[in-house]
Amino acid sequence: MDIKREKKQRSQKPLVVAAAALGLCVLVGFYLGLLERGDYVVQSDNLTFGKVRKGPIDVRIRGSGVLRPAEVNWLAANVQGRVSKLYVKPGRIVAEGEIIAQLENVELSYRLDEMRWELEALAAELRASRAEDETELLELESVVLEAKLDYEKSRVEYESRVTLRKITEGLVAEVEYQQARLDTIQTKQRWEFEEKRLAKMRDNMQVKQQALEARIEKTKKIAERIQDQVDDLTIRATIDSVVQNVEIENGQRVNIGDNIAVLARQDDLIAELQVPELQVREVVIGQPVEVDTRNSKMYGTVSRIDPAVVNGNVQVDVFLNTPLSSDARPELAVDGVITVASVDRTLYVDKPIYSQRKSDSFAFLLTPDRNFVEKTKVQWGVSSVNTIEVLEGLREGDEIVVSDSTRWEMHSKVRVH
C-alpha cells in the first residue's frame, strides 16, 4: 500500500535574521560614514562665531564690587547716658553740626549745678578777702606813715641840737644831745620795720589771693569739663555726610565709647573691586579703571591692592578721578574693568567660552564653505574681558565658534545646518 508523503516547508526565520543583520550593518556603516563626513548636526542659530582680527588689543581684567566712602566717621559716646530721642535714620543726609541723637544724664546736670554754685561761692570769698586785705593794708599804711612822721620829727630835733651845739660850743647838754640822737635812730628803725611789715603783708595778701584765684580756676575747669560732658549728651554730625547706620535706639543705655552712628561723605567715594586671585598678579597701582554703575560710567586708577585673599578674590581699591555720576552712592554695586597692558599689533578674537589665557586648547574653526566646523588646536596669549590673543593655530579672517560647544566637543568635525 502506497503512503502519500507531505513535503516539509522550509523555515523562513534564518532569512529574516540574516536580513536584519545585513540591514543593521548597512545602517552602522552609513552612520559611521556620516560621522566621518562630520554629519553631527548643529543648528547655526545656536552658534555664535568670532572673527580673527589683527590690531591693537587692551588687556583688561574685570572685577565686581561696590562704591564705598573714602572717609567714614564713627560717632561714639563720650559720656554715659540714656537715649532720649533719635533724630535721624540710615540714609538721611545731614550737615555738619546737625543733631543725630539726644542722651540724658541727670547726675551730670546735678554736678554741673553744684560746680556753678561752688564757683559763685569762691568768687564771693575772693571779693570778701580782697576787701578785708584792703582794710588791713590801709591800717598798716597808716602805721607806717605815723612811724615815718615820728622819724622825721626826731631827725629834725636831732639836727637842730647838733647845730645848736656847734653854735654854743657845747652849751647843749650831752645827755639831751645823746637822747635826741637815740630817738632819731629808734624812730628810723621803727619806720623801716613798719615798711617791711607792710611789704610782707602785701606779699601775703597776694599769695592768699592767688590761692583763691587758683581754686576758682580749678573749679571753673571742672565746671567747663562737666559742661563739655553735658554738651556731649547731644550727638552731632561731624561732617556733611549721609548716615550709613545708627547703632542705638530710643531708651537704650549707652556707655563711654559705644558706637552711636556711622557717617560717610557722599561726595567722596572709591570703588572696591573683587578681582580673582589668578589675575590680580597683573594689577599694579596707577593702572586705569573704568567703573560701570549700569547707568553711567566713571573713571579712576588703582590706588590700593589688598594683600589678603578672601574666597579666591583680592580687593582692589580704585580712586575715582572724574566727577561722580548722578546715581553714585555708598554701597552701590558696580563693575570695574582694569586695563593692565596694551599690545600694539597682534591677532585676536572674541573670547570663546571656557578659554584660558596663555594656554593651549581647541577651537572649532568654520570651514570656507560654512557647512562644517573643524576642531583645531590653538595657542592663546593674553586675554581681555571679551577678547583673547591668538598666538598659533588661526589666521586673520578665520571664524571660530565662541559659544558653548561642550555638548559636541568630542567630535572633530561637525556639520552646521
Minimum heavy-atom distance between [X] and [Y], given as atom pair plus value:
X: Val302; Y: Ile285; value: O-CG2, 3.3 Å
X: Gly251; Y: Arg82; value: O-CG, 3.6 Å
X: Ser129; Y: Lys208; value: OG-CE, 3.3 Å
X: Leu198; Y: Leu140; value: CA-CD2, 3.3 Å

Using the side chain to side chain contact (heavy atoms under 4.5 Å, CB included) rule, take Val242 and Leu263 through it: C-alpha gap first, then chi angles, then the decisive distance, then the call. CA-CA 6 Å; Val242 59; Leu263 306 181; over 6 Å; no

For the pair [X] (side chain) and [Y] (backbone), establish whether a donor and an acceptor sit closer than 3.5 Å, ignoring hydrogens and angles.
X: Lys375; Y: Glu409; value: yes
X: Thr367; Y: Phe372; value: yes
X: Asn259; Y: Ala261; value: no
X: Asp292; Y: Lys297; value: no
X: Thr219; Y: Arg215; value: yes
X: Ser403; Y: Thr48; value: yes
X: Asn250; Y: Val83; value: no
X: Thr376; Y: Glu374; value: yes
X: Ser355; Y: Lys351; value: no
X: Asp258; Y: Asn255; value: yes

For Glu71 and Ile239, run side chain to side chain contact (heavy atoms under 4.5 Å, CB included): C-alpha distance rounded to whole Å, both residues' side-chain angles, the deciding distance at 0.1 Å, then the answer. CA-CA 10 Å; Glu71 180 181 352; Ile239 55 174; 4.1 Å; yes

Any [X] side-chain heavy atom under 4.5 Å of [Y] side chain:
X: Val318; Y: Thr301; value: no
X: Val284; Y: Gln287; value: yes
X: Asp360; Y: Val378; value: no
X: Gln266; Y: Pro330; value: yes
X: His417; Y: Ser44; value: no

Applying salt bridge (charged side-chain N to carboxylate O under 4.0 Å, His left out), name anything that partners Glu213, two or more places apart in sequence or on another chain.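 Here the qualifying residues are Arg130.
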
With Arg236 via salt bridge (charged side-chain N to carboxylate O under 4.0 Å, His left out) - residues at least two apart: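 Applying salt bridge (charged side-chain N to carboxylate O under 4.0 Å, His left out) to Arg236 gives none.
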
Do [X] and [Y] have side-chain N/O donor and acceptor atoms under 3.5 Å apart?
X: Ser154; Y: Thr184; result: no
X: Thr293; Y: Asp327; result: yes
X: Glu247; Y: Asn245; result: yes

Going from [atom1] on [X] to [atom2] on [Y], what distance comes out if it is rounded to the nearest 0.5 angstrom?
X: Ser342; Y: Ile57; atom1: OG; atom2: CD1; answer: 9.5 Å
X: Ile338; Y: Ser384; atom1: CD1; atom2: OG; answer: 11.5 Å
X: Leu108; Y: Ile226; atom1: CG; atom2: CD1; answer: 7.5 Å
X: Leu365; Y: Asp398; atom1: CG; atom2: CG; answer: 5.0 Å
X: Glu224; Y: Leu112; atom1: CD; atom2: CG; answer: 11.0 Å
X: Glu392; Y: Leu347; atom1: CD; atom2: CG; answer: 11.0 Å

With a 4.0 Å cut-off, would you call [X] and [Y] a salt bridge?
X: Asp240; Y: Arg265; answer: no
X: Lys358; Y: Glu389; answer: no
X: Glu114; Y: Arg111; answer: no

Take Ile400 and Leu366 through the side chain to side chain contact (heavy atoms under 4.5 Å, CB included) test and state the conclusion after the steps. CA-CA 6 Å; Ile400 64 171; Leu366 184 65; over 6 Å; no

Quick test of your reading: applying side-chain hydrogen bond (donor to acceptor under 3.5 Å, both in side chains), list the pairs with at least one residue in residues 271-286, sequence neighbours left out, ordered by first then second residue.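 Matches after skipping sequence neighbours: Arg68-Glu272, Glu282-Arg357.
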
Strictly by side-chain hydrogen bond (donor to acceptor under 3.5 Å, both in side chains), give each pair with a member in residues 308-319 just once, sequence neighbours left out.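 The answer is Arg304-Asp317, Gln315-Asp317.
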
Would Gln209 and Leu212 count as a side chain to side chain contact (heavy atoms under 4.5 Å, CB included) here? Give the steps. CA-CA 5 Å; Gln209 290 183 9; Leu212 281 173; 5.6 Å; no

Is Gln210 atom CD crowded by more than 12 heavy atoms from other residues, nucleotides or ligands, each under 6.0 Å away?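 Atom CD in Gln210 is packed in, count exceeds 12.
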
Any ring pair (Phe, Tyr, Trp, His ring centres under 6.0 Å) involving residues 348-367? Give me the pairs, sequence neighbours left out, ordered by first then second residue.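 Qualifying pairs, neighbours excluded: Phe364-Trp408.
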
[X]: what forms a side-chain hydrogen bond (donor to acceptor under 3.5 Å, both in side chains) with it, not counting sequence neighbours?
X: Gln102; value: Thr234
X: Asp404; value: Thr406
X: Ser359; value: none
X: Arg116; value: Gln227

What pairs meet the salt bridge (charged side-chain N to carboxylate O under 4.0 Å, His left out) rule with one or both residues in residues 48-66, with sequence neighbours excluded?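 Residue pairs with at least one partner in residues 48-66: Arg53-Asp350, Asp58-Arg60.
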
Applying salt bridge (charged side-chain N to carboxylate O under 4.0 Å, His left out), which residue pairs with at least one partner in residues 186-202 are found, sequence neighbours left out?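 Only Glu141-Arg202, Asp150-Arg190, Glu194-Arg197 qualify under salt bridge (charged side-chain N to carboxylate O under 4.0 Å, His left out).
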
Could you walk me through whether Asp335 and Arg294 pass the salt bridge (charged side-chain N to carboxylate O under 4.0 Å, His left out) check? CA-CA 8 Å; Asp335 291 326; Arg294 299 174 179 84; 3.3 Å; yes

Mind checking what makes ring-ring contact (aromatic ring centres under 6.0 Å, His included) contact with Phe49, not counting sequence neighbours?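 None.
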
Val59 pairs by side chain to side chain contact (heavy atoms under 4.5 Å, CB included) with which of Ile388, Val382, Thr387, Thr339?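 When side chain to side chain contact (heavy atoms under 4.5 Å, CB included) is applied between Val59 and each of Ile388, Val382, Thr387, Thr339, only Val382 qualifies.
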
